[in-house]
Novice: 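Before I ask anything, here is the structure I am working with.
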Amino acid sequence: MSRAVLTIFKRLYDEGLIYRAERIINWCPRCMTAISDIEVDHSDDEGELVSIRYGDGENSIVVATTRAETMLGDTAVAVHPDDARYKHLVGKTITLPLVGREIPIVADEHVDPEFGTGGVKVTPAHDPNDFEIGRRHNLANITILSTSAVVENSGTRFDGLDRFAARQAIVEELRSQGRIVAEKRPYIHAVGHCQRCETVVEPRLSKQWFVKVAPLAKAAGDAVRDGRVKIEPESLSPRYFEWIDNMHDWCISRQLWWGHRIPVWYGPEGEIFVTGPGENAPVGFIQDNDVLDTWFSSALWPFSTLGWPDETLDLKKFYPTSVLVTGYDILFFWVARMMLFGLFAMDGVAPFKTIALHGMVRDKFGKKMSKSRGNGIDPIEFMDRYGTDAVRFTLARGANPGADLALAEEWVAGARNFATKLWNATRFAIMNGANIEGAMPAAESLGAVDRWILIRLNETVSEVDSLLERFEFARASEIIYHFAWDDLCDWYLELSKEALSKGGAVESQRVLGQVLDQLLKLLHPIMPYLTEEIWTALTAGESLVISKWPLASREYEDSTSKKIVGELQEIITEVRRFRNDQGVKTSQRLPGKLTLSKEISSFESSLRYVLRIDLPSDHFVVGGSVEIGQAKIEFDLSGSVDLVAERARLTKDLASARKDHETALVKMNNQNFMNKAPAKVVEEITQRLTATGADIERLTAQLSQLPSA
RNA sequence: GGGUGCUUAGCUCAGUGGUAGAGCGCCUCGUUUACACCGAGGAUGUCGGGGGUUCGAAACCCUCAGCGCCCA
C-alpha cells in the first residue's frame with residue numbers, strides 16, 4: 001500500500017498534478033487540521049448580522065458581516081464597478097476602525113450590489129471569496145487568527161481572545177464608537193461544521209498540498225458520459241456529474257497523526273524533493289510533517305489491492321473490476337476518487353464497469369439514525385434475536401436501488417418467520433420423500449399441479465435472474481418470498497398432500513425435491529446459513545456454495561396447467577369463503593356434491609381432501625351452493641343454512657360483478673376506445689363483459705332461489 | 001441559491017399507459033399428520049391539490065403545496 005501511495009504521489013507530482021499553494025482551506029480549530037470541502041457539514045445557524053460604518057462622513061461605507069472579528073484582518077472594501085453610490089470612493093482609501101490601518105476601496109465584479117449596502121469588507125486570509133478578490137487586486141493577506149482560532153497579531157487589545165469572545169467584544173467596542181448602524185439578530189445563515197467534531201470550521205490561509213483535478217476529473221466524467229462506466233440507478237448520475245464537473249482542486253494534506261506521511265522533503269534552501277518507493281531524500285532534507293487525506297490512499301484500492309505498482313497477474317486478470325457496490329453517500333468521497341486515480345494510473349481504464357449504489361439503512365420511520373436522536377439500531381442485536389439470515393433477508397428485501405431502507409424490528413421478525421416457514425416446508429417435504437435423485441420425469445408423465453409448480457419455478461428463476469442483473473435486490477427477494485410461501489407452501493404442498501399421503505406419488509416427490517433444490521439455490525446468496533443447512537439435509541449434497549445456479553427452463557410449459565390450477569384455486573377460495581360465511585369450522589367435514597368441468601374432474605378427490613367435503617349420503621339435501629365458472633359445489637347444511645350470511649355474500653358478489661360489468665360496458669360503448677385501443681385490450685374487456693354478465697345472471701338466480709329469512 | 005428526488009392502505013414502501021399491490025398492523029374464525037414464527041377468510045385507498053395530453057393516467061406534461069437528500 002505504501003509503495004502504491006508513494007508511486008502515485010510521485011507520478012502525479014512529476015506530471016504537475018500535485019502542487020503546494022497558499023489557499024483558503026477549511027480549518028478545524030479543534031482537530032487542528034485542514035479538512036476537505038466534503039468533510040464540512042453546513043447547517044443553518046443563528047448568528048447576528050452587524051452593519052459597520054468604515055470611514056467617516058462622505059468618505060464612509062457600511063459593510064455587513066456575521067464574523068465581526070475578521071475585520072481585524074481586512075485589507076480592502078470592495079464594491080461593484082457599476083455601483084453609482086460608491087463610484088467616487090473607488091481607488092481611495094478608508095480607515096479601518098479599531099485598527100487604524102488605511103485600506104483601499106476596490107471595484108470587483110463579484111460583489112453583489114443588491115446585497116446589503118453593496119459594500120463588502122475584504123479579509124483575504126479568512127474567507128475564500130475574499131481571497132479571490134485579494135488575488136485579483138493584489139491585496140495583502142493578514143492572518144489574525146491562530147490555528148486554535150484565537151485572535152493574534154492584530155496589534156489591538158483583542159489579541160488573545162477566542163474568536164467568539166472577540167466577536168462580541170469588537171461589536172461592543174464598535175457600538176460604543178457609534179459605528180454599528182444596524183444589527184440583525186437572530187440572523188439565520190449557513191455555517192460550516194467539522195464533520196468529525198461539529199466545531200465551527202474556520203476558513204484559514206494555509207500552505208497545503210493539492211491535487212490539480214481538472215484533467216483527472218474530465219476523464220472521470222467522460223468515462224461515465226460515454227458509457228464506459230454505468231451508474232446504477234441511473235437517476236443518481238446527475239449528482240456525479242454535477243460534482244465531478246465542478247470539482248475544486250483537492251487539498252490532500254492533513255495535520256493528523258495517522259496517515260501516509262506526505263513524501264516530500266524540504267532542503268535547507270527550500271528545495272523540494274519527492275521520494276518514490278525505495279528512494280531517499282538527500283542528507284539534511286526534512287520531511288513534511290503532514291499526512292495525506294485518507295481518501296488519497298483509498299482511491300488506489302481497485303488496483304493497489306491487486307499488487308499495483310507491480311504488473312501482477314492479479315492486476316491483469318481482475319482490473320478493471322465488474323461492479324462496485326456501495327452506498328450513495330460515498331459516491332464523492334470514494335467512488336469518484338477511485339475513478340480519478342484509476343483512470344490516471346491505469347492508462348485510462350476506469351476501475352469498474354458498473355457502480356451500483358444502494359441507500360442508507362434508516363430507522364422504522366425512515367429517519368436517519370443518529371446519536372442525538374437515539375434511534376440507532378444495532379444489527380447484532382437483531383441477529384441474536386432473529387438470526388443472521390433474517391437480518392440479511394430484511395436488508396435485501398428493502399434494497400431498492402439508490403433508495404433508503406426503513407428498518408423495523410417487525411420486518412426482521414417477518415423474515416425470521418419466513419426462514420421458519422422454509423425450514424418446516426423442507427422438513428415436511430423430506431418426510432414425504434422429496435428427493436433429487438435421478439432425472440426429472442418427462443413432462444407428459446406429470447399432472448397439471450406438478451407442471452404448474454415447475455412452470456412457476458421457471459418463471460421465478462428467470463424473473464430473479466433479470467432482477468439481479470439490474471441490482472433490483474428488493475424485488476428479487478419479494479419474488480422468491482412469494483413463490484416460496486404462496487405458490488409452494490400454500491398451494492402446491494396443499495394440493496399435493498392427498499397424493500403424497502397416499503404414497504406412490506413418485507413423480508411428485510421428485511418434482512418437490514427439484515423445486516426446493518432450485519428455490520434454495522436462488523435464496524442462497526441472501527440466506528446462506530439456512531439454505532445450506534436444509535439443502536444438505538434434503539439432497540445430501542456437499543454444499544450449496546459450489547453448486548450450480550438454477551437455469552430457467554421452459555421444458556414444462558404447456559397451455560393448460562396454469563389455467564387448471566387457477567380454476568382449482570378459485571374454487572377452493574370460494575368454497576372456503578362460503579364455509580367461513582356460513583360459520584362452518586375448517587375442520588368440520590361437510591357432505592357435498594361436486595359438479596366439475598371435464599378439465600378438472602380428475603381433481604375431485606384432491607378438492608374433497610383440501611376442502612373437507614365428504615361424499616353425499618342418500619338423504620342429501622342441497623342447503624347451499626357455490627358456483628365458479630363451470631364448477632358447482634352443493635352442500636348439505638342439514639337445513640341450517642345461515643340465510644342472512646348467504647344473502648350478504650351473494651349480494652356483495654353481485655354488486656362487485658355489476659360494477660365490473662358497468663366499467664367494461666362503458667368502454668365497449670365508447671367508439672373511440674373500440675377504434676383506437678389495441679385489439680388485445682379490446683378482447684380482454686370483451687371477455688370481462690361476458691364473464692361479469694354471466695356472474696350477474698347466476699348470482700341473481702341464486703339470490704331469488706334463496707328462501708326469505 | 002443550484003441540483004435531485006419524494007408525496008400510493010394505519011406504518012414503511014413497490015408499482016415507467018390498460019379492472020390499485022406487498023410486508024407489518026387491524027377484524028372474524030380455527031388443536032386440518034410441516035409450520036400458532038401457523039392456517040383460512042375479511043376490511044381498508046377520489047394513488048398530495050389543480051389543470052392538460054390520451055380511447056384510457058398512480059404512471060406522461062404543466063402548475064401549486066408540503067417533505068427530503070446532495071452541493072454551495
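Letters A, B, ... are given to chains in the order of the sequence lines, protein chains preceding strands, and every chain is numbered from 1.
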Novice: Would you mind reading off the distance between A:K368 atom NZ and B:C70 atom C1', rounded to a whole angstrom?
Specialist: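 Spelled out: NZ on A:K368 to C1' on B:C70 is 10 Å.
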Novice: Measure across A:H126 and A:I24 and return the closest heavy-atom pair with its distance rounded to 0.1 Å.
Specialist: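 Closest heavy-atom pair between A:H126 and A:I24: N-CD1, 3.8 Å.
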Novice: Rounded to the nearest 0.5 Å, what's the gap from CZ on A:F393 to CH2 on A:W411? Could you check?
Specialist: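 CH2 of A:W411 is found 9.5 Å from CZ of A:F393.
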Novice: Just to confirm, is there a sub-4.0 Å distance from OP1 or OP2 of B:G23 to any side-chain nitrogen or oxygen of A:H482?
Specialist: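 Yes.
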Novice: For the residue pair A:W485 and A:Y481, categorise the inter-ring angle as parallel (less than 30°), tilted (30 to 60°) or perpendicular (more than 60°).
Specialist: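 A:W485 and A:Y481: tilted rings.
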Novice: So what does the secondary structure string of RNA chain B come out as, 5' to 3', with Watson-Crick or wobble pairs under 3.5 angstrom, [ ] for crossing and | for pairs with another strand?
Specialist: ((((((((.[[[[.)..(..]]]].(((((.......))))).....[[[[[..)....]]]]]))))))).
Novice: Can you check the A:Y481 OH to B:G21 P distance for me, whole Å?
Specialist: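 It works out to 18 Å between those atoms.
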Novice: Mind checking the P distance from B:A57 to B:G52? Whole angstroms is fine.
Specialist: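 Each nucleotide's P atom is 12 Å from the other's.
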Novice: Tell me what A:E684 touches on the nucleic acid: a base, only sugar-phosphate, or nothing, going by heavy atoms under 4.0 Å.
Specialist: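 The answer is sugar-phosphate, as A:E684 gets under 4.0 Å only of primed atoms, P, OP1 or OP2.
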Novice: Name the nucleic acid region contacted by A:N400, choosing base, sugar-phosphate or nothing; use a 4.0 angstrom heavy-atom cut-off, strictly under.
Specialist: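 Sugar-phosphate: the residue A:N400, judged by heavy atoms under 4.0 Å, touches backbone atoms but no base.
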Novice: Using whole Å, what does the distance between atom P of nucleotide B:C71 and atom CG of A:N26 come to?
Specialist: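 Taking atom P of B:C71 as the reference, CG of A:N26 is at 12 Å.
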Novice: Can you check the distance between B:C71 and B:C13, where both ends of the measurement are the C1' atom (answer in whole Å)?
Specialist: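 Looking at atom C1' only, B:C71 and B:C13 are 27 Å apart.
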Novice: For B:G49 versus B:U28, give the span between their P atoms, rounded off to a whole number of Å.
Specialist: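 Those two atoms are separated by 33 Å.
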Novice: Figure out the NZ/P separation between A:K667 and B:G17, and round it to whole Å.
Specialist: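 Interatomic distance, NZ of A:K667 to P of B:G17: 15 Å.
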Novice: Which residue, A:E472 or A:L407, contacts RNA chain B at a nucleotide closer to its 5' end, judged by nearest heavy atom?
Specialist: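 With A:E472 and A:L407 compared, the 5'-side residue is A:L407.
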Novice: With sequence neighbours excluded, tell me which residues meet salt bridge (charged side-chain N to carboxylate O under 4.0 Å, His left out) with A:R475.
Specialist: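 Residues passing salt bridge (charged side-chain N to carboxylate O under 4.0 Å, His left out) with A:R475: A:E472.
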Novice: Determine all donor-acceptor pairs shorter than 3.5 Å in which one atom belongs to a side chain in residues 328-337 of chain A; sequence neighbours excluded.
Specialist:
residue	atom	partner	partner atom	Å
A:Y328	OH	A:D404	OD1	2.8
A:Y328	OH	A:D404	OD2	3.1
A:W334	NE1	A:S298	O	3.1
A:R337	NE	A:F333	O	3.3

Novice: For residues 489-496 of chain A, which side-chain donor-acceptor pairs fall under 3.5 Å, sequence neighbours excluded?
Specialist:
residue	atom	partner	partner atom	Å
A:Y492	OH	A:D450	OD1	2.4
A:E494	OE1	A:K497	NZ	3.3
A:E494	OE2	A:K497	NZ	3.0
A:S496	OG	A:Y492	O	2.6

Novice: Atom CG of A:D127 and atom C1' of B:A72: how far apart are they, to the nearest Å?
Specialist: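 Going from CG in A:D127 over to C1' in B:A72 covers 13 Å.
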Novice: When we call it a touch if two heavy atoms are under 4.0 Å apart, what does A:R688 touch: a base, just sugar-phosphate, or nothing?
Specialist: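 Counting heavy atoms under 4.0 Å across all strands, the contact made by A:R688 includes a base.
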Novice: With a 4.5 Å heavy-atom cut-off, do A:I613 and A:L590 have their side chains touching?
Specialist: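 They are not in side-chain contact.
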Novice: Identify whether any heavy atom of A:D660 sits under 4.0 Å from a base atom; if not, whether one sits that close to sugar-phosphate; answer base, sugar-phosphate or nothing.
Specialist: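 Result for A:D660 = base.
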Novice: Any chance CD of A:Q588 has more than 12 other-residue heavy atoms, nucleotides or ligands included, within less than 6.0 Å?
Specialist: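 More than 12 heavy atoms, drawn from other residues, nucleotides or ligands, come within 6.0 Å of this atom.
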Novice: Is atom CZ of A:R608 surrounded by more than 12 heavy atoms (other residues, nucleotides or ligands) closer than 6.0 Å?
Specialist: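 For A:R608, atom CZ is crowded (more than 12 foreign heavy atoms under 6.0 Å).
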Novice: Which atom pair, heavy atoms only, marks the closest approach of A:L488 to A:L512?
Specialist: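 That closest heavy-atom pairing would be CD1-CD1, 4.1 Å.
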Novice: Within the structure shown, what part of the strands sits under 4.0 Å from A:E242 by heavy-atom distance: base, sugar-phosphate, or nothing?
Specialist: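 Result for A:E242 = base.
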Novice: Counting only side-chain heavy atoms from C-beta out, which of B:G68, B:C55, B:G23 sits nearest to A:R239?
Specialist: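 Nearest nucleotide to the side chain: B:G68.
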Novice: Please tabulate, for the side chains in residues 425-433 of chain A, all donor-acceptor contacts under 3.5 angstrom to protein atoms that are two or more places apart in sequence or on a different chain.
Specialist:
residue	atom	partner	partner atom	Å
A:T426	OG1	A:L422	O	2.7
A:R427	NH2	A:N424	OD1	3.0
A:N432	ND2	A:F428	O	2.9

Novice: I need a per-nucleotide contact map over nucleotides 31-44 of chain B, read 5' to 3'. Cutoff is protein heavy atoms under 4.0 Å; write B for the base, S for backbone only, - otherwise.
Specialist: -B-BB-BSSBSSS-
Novice: Which sits closer to the 5' end of RNA chain B, A:V40 or A:R475, going by the nucleotide each is nearest to?
Specialist: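 Comparing both residues, the 5'-ward one is A:R475.
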Novice: Measure NZ/A:K364 against C1'/B:G23 and give the value in whole Å, please.
Specialist: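 Spelled out: NZ on A:K364 to C1' on B:G23 is 13 Å.
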Novice: Starting at CG of A:D363 and ending at P of B:U12, how long is that distance when rounded to a whole Å?
Specialist: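 Taking CG of A:D363 and P of B:U12, I get 10 Å after rounding.
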Novice: Just call it for A:A403: base, sugar-phosphate, or nothing, with non-hydrogen atoms closer than 4.0 Å on any strand.
Specialist: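 Here A:A403 touches the backbone only, sparing every base.
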Novice: Between B:G2 and B:G21, how far is it from one P atom to the other, in whole Å?
Specialist: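 The same atom, P, in both gives a distance of 41 Å.
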Novice: Using the P atom as the point on both nucleotides, what is the distance between B:U8 and B:A14, in whole Å?
Specialist: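 Between the two P atoms, the distance is 11 Å.
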Novice: Considering only the P atoms, how many Å lie between B:A9 and B:G5, rounded to the nearest integer?
Specialist: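 Taking atom P in both B:A9 and B:G5, they lie 22 Å apart.
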Novice: Write down the distance separating the P atoms in B:G25 and B:U12, rounded off to the nearest Å.
Specialist: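 That atom pair is separated by 16 Å.
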Novice: What interatomic distance, in whole Å, is found between P of B:U53 and the corresponding atom of B:A59?
Specialist: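 Straight-line distance between the two P atoms is 15 Å.
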Novice: Can you check the A:M360 CE to B:G68 C1' distance for me, whole Å?
Specialist: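 Taking atom C1' of B:G68 as the reference, CE of A:M360 is at 14 Å.
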